[in-house]
Amino acid sequence: MSVNSPSSSCPRTFLAALLLAVAPCSLAQDVIELFGERPYTGRVDFKVAPPSGKPDSHYGKGSVLLERSAPGKASLQLRGKVPDSTTQTELTIPGLYDDTGWRSEPGDVQVSINADGRVSGGGISDGRTFLFSGTFSPTDVRLEVRVTAAREEGGVPAGTTLTFDYRVSRESLAARGVQEAEGGCRLVMRPIANFGGGMTMAQVPECD
């Protein structure tokens, strides 16, 4: 008499189906594992375009960091500076992430990074219009941030557009050990400006 009755085989069949359903999920990487935790560093181009007159361009260094702050939460930190000048930018955007990607917390300015690395978003905050576009990959970021002032600020006429063009990169995980042995970048706590003029403390990359 066989012991392999339909009732005894059903649990095994159900378990096999469950494992097949779970296996693809266990192999998936979230947006933080793909694009986060380690800074991208490199070149940042600053372009100031007044409503009339010739645009002015400057070239500097900067970083982009998507850093986890709590389960399901991460902030996007952007830094840039032109050497030997006062031209610089520091911006942190708190956000949330899940299997569909990362998105900024609800507010006047919305930014998102899809699971495939595409960046999009924009909005108006404190009289400034923001527009974000670009792409993330595990080793490179190309990100453009355009800010248009609705009113005169610090001698800059209303209607002036500031464009920050980030072309930054980082070592692959395979080469990470070599980079760390040679020094490279480290994370330090700094006060960072938020949308609307607020400040928050955040870890930002500081590179040799």
Side-chain angles (χ1 to χ4, degrees), residues 31-32 35-36 39-53 55-67 69 73-82 85-98 100-137 140-168 190-205:
V31 68
I32 306 300
F35 313 131
Y40 300 80
T41 60
R43 173 174 169 171
V44 183
D45 296 347
F46 297 77
K47 183 178 180 181
V48 181
S52 60
D56 188 20
S57 297
H58 302 273
Y59 308 98
K61 296 180 179 180
S63 62
V64 173
L65 174 62
L66 183 62
E67 184 182 37
S69 55
K73 293 185 177 183
S75 62
L76 177 63
Q77 301 169 19
L78 310 177
R79 298 183 69 214
K81 188 179 190 320
V82 176
S85 80
T86 58
T87 302
Q88 63 180 354
T89 179
E90 292 189 358
L91 178 66
T92 186
I93 309 172
L96 310 170
Y97 70 91
D98 54 26
T100 65
W102 174 91
R103 60 194 177 279
S104 58
E105 293 181 351
D108 296 331
V109 179
Q110 294 289 288
V111 189
S112 66
I113 305 172
N114 290 349
D116 63 1
R118 183 171 59 87
V119 182
S120 61
I124 300 175
S125 176
D126 196 29
R128 305 181 187 98
T129 300
F130 291 80
L131 181 63
F132 294 79
S133 61
T135 55
F136 272 70
S137 81
D140 297 277
V141 170
R142 180 67 186 270
L143 176 63
E144 182 180 272
V145 182
R146 299 183 65 183
V147 185
T148 302
R151 58 178 180 269
E152 180 180 352
E153 295 184 39
V156 176
T160 297
T161 297
L162 296 92
T163 302
F164 308 96
D165 186 3
Y166 291 82
R167 306 180 190 186
V168 292
R190 292 275 180 83
I192 302 295
N194 291 314
F195 292 126
M199 300 291 290
T200 187
M201 294 298 293
Q203 290 192 82
V204 298

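Along the sequence shown, residues are numbered consecutively beginning with 1. Note that these values count all heavy atoms, side chains included, but never hydrogens, waters or copies made by symmetry.
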Minimum heavy-atom separation for [X] to [Y], with atom names?
X      : Y      : result
Ser57  : Tyr59  : CB-OH, 3.9 Å
Ser125 : Val109 : CB-CG2, 3.7 Å
Gly62  : Val168 : O-CG1, 3.9 Å
Asn114 : Phe35  : O-CE1, 4.1 Å

Verdict with supporting geometry, Leu78 and Leu143, side-chain contact (heavy atoms from CB on, under 4.5 Å): CA-CA 10 Å; Leu78 310 177; Leu143 176 63; 3.7 Å; yes
Side chain to side chain contact (heavy atoms under 4.5 Å, CB included) partners for [X], two or more places apart:
X      : value
Ile32  : Asp30, Glu37, Leu66, Arg68, Ala74, Tyr97
Val156 : Thr160
Arg146 : Leu131, Glu144, Thr161, Thr163

Between NZ on residue Lys61 and CZ on residue Arg79, distance to nearest 0.5 Å: 13.0 Å
Spacing of OG1 belonging to Thr148 relative to CZ belonging to Arg128, to within rounding of 0.5 Å: 11.5 Å
NZ/NE/NH1/NH2 to OD/OE distance under 4.0 Å, Asp165 and Arg142: yes
Heavy-atom donor-acceptor pair, Gln110 side chain to Glu105 backbone, under 3.5 Å: yes
Using residues 43-52 as the side-chain source, report each donor-acceptor pair under 3.5 Å to any protein atom, sequence neighbours left out, with the distance given to one decimal.
residue	atom	partner	partner atom	Å
Arg43	NE	Asp45	OD1	2.7
Arg43	NE	Asp45	OD2	3.4
Arg43	NH2	Asp45	OD1	3.4
Arg43	NH2	Asp45	OD2	3.2

Sub-4.5 Å side-chain heavy-atom contact between Ile113 and Phe132: no
Side-chain touch Phe164/Val147, heavy atoms, less than 4.5 angstrom: yes
Other residues, nucleotides, ligands: >12 heavy atoms within 6.0 Å of Lys81 NZ: yes
For Glu152, salt bridge (charged side-chain N to carboxylate O under 4.0 Å, His left out) partners two or more places apart: none
Steps toward side-chain contact (heavy atoms from CB on, under 4.5 Å) verdict (Val64, Leu76): CA-CA 7 Å; Val64 173; Leu76 177 63; 4.0 Å; yes
Pairs touching residues 108-120 that satisfy salt bridge (charged side-chain N to carboxylate O under 4.0 Å, His left out), sequence neighbours left out: none
